[in-house]
Amino acid sequence: EREQLSQEREQLSQEREQLSQRLDQTASKFSALSQKTQEEMMNKINTTIATWLASLPQETISPETKDQVKAGLHELAKATAQDSGLYQVMCCASEQHISNVTQLEEIRRERDELQQRLSGGKFAGEEDRVTGKRKGDVLDPRTEEKETKGNGMWDDFQIMLQQDKGWCVSGGPR
């Protein structure tokens, strides 16, 4: 019995050693992944979020407050993973701000371009506005007289009624 217990103890000791080695390997892999994640978070804090914080007006947020926010985010990156709600909100807010600024600059550039065209640019002179356009048709004065002599359309309408329905001008049947 003692020998059997000794063998079981030896076997359990070996299993414990193997499990301990696997645990150490898993912990080192996790540590490496965690460190890589923290580096990515720090990089994002130092670039995107820092740019956003710097662009906020000093009248509303003091430089000290900005530094405190940045330091707090660094501590957050050290203590948590990327699934932190605060970290995600800060990233989204800073990226949205950068997107809005980019879009605003594009609109401003388009506006300046249009203003330049209108005032002293491409279409400032009459020659620029008229070039490439055809002249309007000139009506023959004799043609105008023929059209204005009678009632034109109303005369045609009266003739059509007389031919199609057998009605006379007085409004009664013929």
Side-chain angles (χ1 to χ4, degrees), residues 1-139 144:
E1 238 179 70
R2 280 188 170 189
E3 194 173 306
Q4 186 180 4
L5 284 175
S6 175
Q7 286 176 353
E8 285 179 11
R9 190 178 293 166
E10 183 65 32
Q11 186 180 8
L12 288 174
S13 178
Q14 287 175 355
E15 284 181 28
R16 188 185 79 179
E17 185 64 34
Q18 289 173 351
L19 289 174
S20 179
Q21 287 175 354
R22 284 181 36 198
L23 180 63
D24 289 342
Q25 289 173 347
T26 305
S28 68
K29 284 181 184 179
F30 178 75
S31 175
L33 289 175
S34 179
Q35 185 176 4
K36 184 178 179 184
T37 300
Q38 286 180 0
E39 288 174 6
E40 289 174 4
M41 290 173 73
M42 293 291 193
N43 184 33
K44 192 148 199 157
I45 291 169
N46 291 331
T47 56
T48 309
I49 295 176
T51 303
W52 173 57
L53 287 172
S55 70
L56 296 174
Q58 288 185 357
E59 296 84 38
T60 56
I61 298 176
S62 69
E64 294 82 24
T65 304
K66 293 176 187 180
D67 292 340
Q68 288 174 352
V69 169
K70 193 173 174 183
L73 287 172
H74 280 284
E75 291 301 316
L76 181 72
K78 291 176 188 174
T80 64
Q82 280 183 317
D83 61 352
S84 165
L86 179 61
Y87 174 76
Q88 289 178 353
V89 167
M90 295 299 284
C91 288
C92 287
S94 61
E95 288 170 357
Q96 184 64 44
H97 172 76
I98 291 170
S99 173
N100 289 346
V101 168
T102 303
Q103 197 173 29
L104 183 62
E105 285 301 317
E106 287 176 18
I107 292 170
R108 185 176 293 136
R109 184 185 46 79
E110 289 174 9
R111 183 201 59 152
D112 291 346
E113 200 174 285
L114 288 172
Q115 280 183 334
Q116 196 268 334
R117 282 185 188 173
L118 291 174
S119 59
K122 272 185 168 178
F123 307 113
E126 183 178 354
E127 184 63 30
D128 293 325
R129 292 189 303 268
V130 176
T131 303
K133 309 265 180 178
R134 65 180 178 84
K135 297 284 184 189
D137 296 332
V138 178
L139 296 176
E144 270 187 58

* Roughly how far, to the nearest 0.5 Å, is OG1 of Thr102 from CD1 of Ile107? -> 11.0 Å
* Structure fact -> Heavy-atom closest pair (Tyr87 atom, Glu40 atom, distance to 0.1 Å) is OH-O, 4.4 Å
* Asked: Is there a side-chain contact between Leu76 and Met90, using heavy atoms and a 4.5 Å cut-off?
  -> no
* Answer yes or no: is there a donor N or O on one side and an acceptor on the other, between the side chain of Lys66 and the main chain of Leu56, under 3.5 Å? => yes
* Taking all non-hydrogen atoms of both residues into account, name the closest pair between Ala77 and Gln38 and its distance. => O-CG, 3.2 Å
* To do: Taking the side chain as every heavy atom from C-beta outward, state whether Leu73 and Met41 have any pair of such atoms under 4.5 Å apart.
  => no
* Return yes if a side-chain donor-acceptor contact under 3.5 Å exists between Asn43 and Glu39, otherwise no. => no
* **Whether over 12 other heavy atoms sit under 6.0 Å from Glu8 CD** => yes
* Report the distance from atom CG of Leu104 to atom CZ of Arg111, rounding to the nearest 0.5 Å. => 9.5 Å
* Between Ser99 and Glu95, is there a donor-acceptor pair closer than 3.5 Å when you use the side chain of the first and the backbone of the second? -> no
Would you give me the side-chain donor-acceptor pairs under 3.5 Å for residues 16-26, sequence neighbours excluded?
from, atom 1, to, atom 2, distance (Å)
Thr26, OG1, Arg22, O, 2.9

* Kindly compute the distance separating NE2 (His97) from CD1 (Ile49), expressed to the nearest 0.5 Å. => 12.5 Å
* Structure fact -> The side-chain hydrogen bond (donor to acceptor under 3.5 Å, both in side chains) partners of Glu105 (sequence neighbours excluded) come to Arg108
* What distance separates Ile45 CD1 from Glu75 CD, expressed to the nearest 0.5 Å? -> 10.0 Å
* Which value, rounded to the nearest 0.5 Å, describes the distance between Thr65 atom OG1 and Gln58 atom CD? -> 11.0 Å
